[in-house]
Amino acid sequence: MLGLALPTPSRAAQLLIFERPGCPYCAAFDREVAPIYPLTAEGKVVPARRVDITKAIPADLAFVKVERLTPVFVLIDNGREIGRFRGYAGDDQFWGLFGVLLDRLKNQAAPAGLLPAAPVGR
């Protein structure tokens, strides 16, 4: 396990995946990461929640800035944004940048913000 304390269910940490129909990078994420994500230790601690940016954004996510570009991955916890990164350039990039967000969640010290989309190894 990641050593993360599990938040309360109603305010639990979530990985928001902002997507739109026809996005080729979203489709690549769906092929390469989405099937295994819920089976990983990370996916069990921080479940993913998909949000279609072409539809109304759920009211409980009003505090999250929605971008026009997709995919955008946003880690939230207790009604606040921990951090985000844009784009999908492969599973190594995803897991590396997501790992940085998980470290922020664990440490709760780093301010929320945008991470660079440069590929990062696991």
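Please read these numbers as outputs of a predicted model, since none were measured by experiment. Note: hydrogens, waters and symmetry copies are ignored here, and every other heavy atom, side chains too, is used. Sequence positions, counted from 1, serve as the residue numbers for this chain.
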Worksheet entry | Interatomic distance, E42 atom CD to W95 atom CH2 [nearest 0.5 angstrom] | 5.0 Å
Worksheet item: Which residues satisfy the side-chain hydrogen bond (donor to acceptor under 3.5 Å, both in side chains) test with D103, sequence neighbours excluded?
Response: none
Worksheet entry | All ring pair (Phe, Tyr, Trp, His ring centres under 6.0 Å) counterparts of Y88, not counting sequence neighbours | F29
Fill in: Any pair counted as side chain to side chain donor-acceptor pair (under 3.5 Å), so long as it reaches residues 15-24, sequence neighbours left out
E19-R50, R20-T70
Worksheet entry | Which atom of C26 lies closest to which atom of C23, heavy atoms considered | SG-SG, 2.7 Å
Worksheet item: If you take all heavy atoms of G87 and F73, which pair is closest and at what distance?
Response: O-CE1, 3.4 Å
Worksheet item: In the single-linkage hydrophobic clustering (I, L, V, M, F, W, Y; side-chain heavy atoms under 4.5 Å), do I17 and V45 co-cluster?
Response: yes
Item to complete: Write down the atom of R49, the atom of D60, and the distance for their closest heavy-atom approach.
Response: NH1-OD2, 2.8 Å
Fill in: Lys/Arg N to Asp/Glu carboxylate O, E67 vs R84, below 4.0 Å
yes
Worksheet entry | Contacts of type side-chain contact (heavy atoms from CB on, under 4.5 Å), residue R31, not counting sequence neighbours | A27, A28
Worksheet entry | Shared hydrophobic cluster for L101 and V33 (ILVMFWY, side-chain gaps under 4.5 Å) | yes
Discussion item. Set out, in order, the CA-CA distance, both residues' side-chain angles and the distance that settles side chain to side chain contact (heavy atoms under 4.5 Å, CB included) for F85 and V72, then state yes or no.
Written reply: CA-CA 6 Å; F85 60 95; V72 175; over 6 Å; no
Worksheet entry | salt_bridge(D77, R104) N-O dist < 4.0 Å | no
Worksheet entry | Derivation and outcome, side chain to side chain contact (heavy atoms under 4.5 Å, CB included), residues L15 and V74 | CA-CA 6 Å; L15 175 64; V74 181; 6.0 Å; no
Item to complete: Calculate, to the nearest 0.5 Å, the distance between atoms CZ and CZ belonging to R68 and F18 respectively.
Response: 15.5 Å
Worksheet item: What pairs meet the ring pair (Phe, Tyr, Trp, His ring centres under 6.0 Å) rule with one or both residues in residues 47-66, with sequence neighbours excluded?
Response: none
Fill in: From V46, L102, L75, N107, residue fulfilling side-chain contact (heavy atoms from CB on, under 4.5 Å) relative to I82
L75
Worksheet item: Out of curiosity, L69 CG to Y25 OH, how far, rounded to the nearest 0.5 Å?
Response: 10.0 Å
Distance-only donor-acceptor pairs under 3.5 Å for side chains of residues 51-59, two or more places apart:
from, atom 1, to, atom 2, distance (Å)
D52, OD1, T54, N, 2.8
D52, OD1, T54, OG1, 2.6
D52, OD2, T54, OG1, 3.3

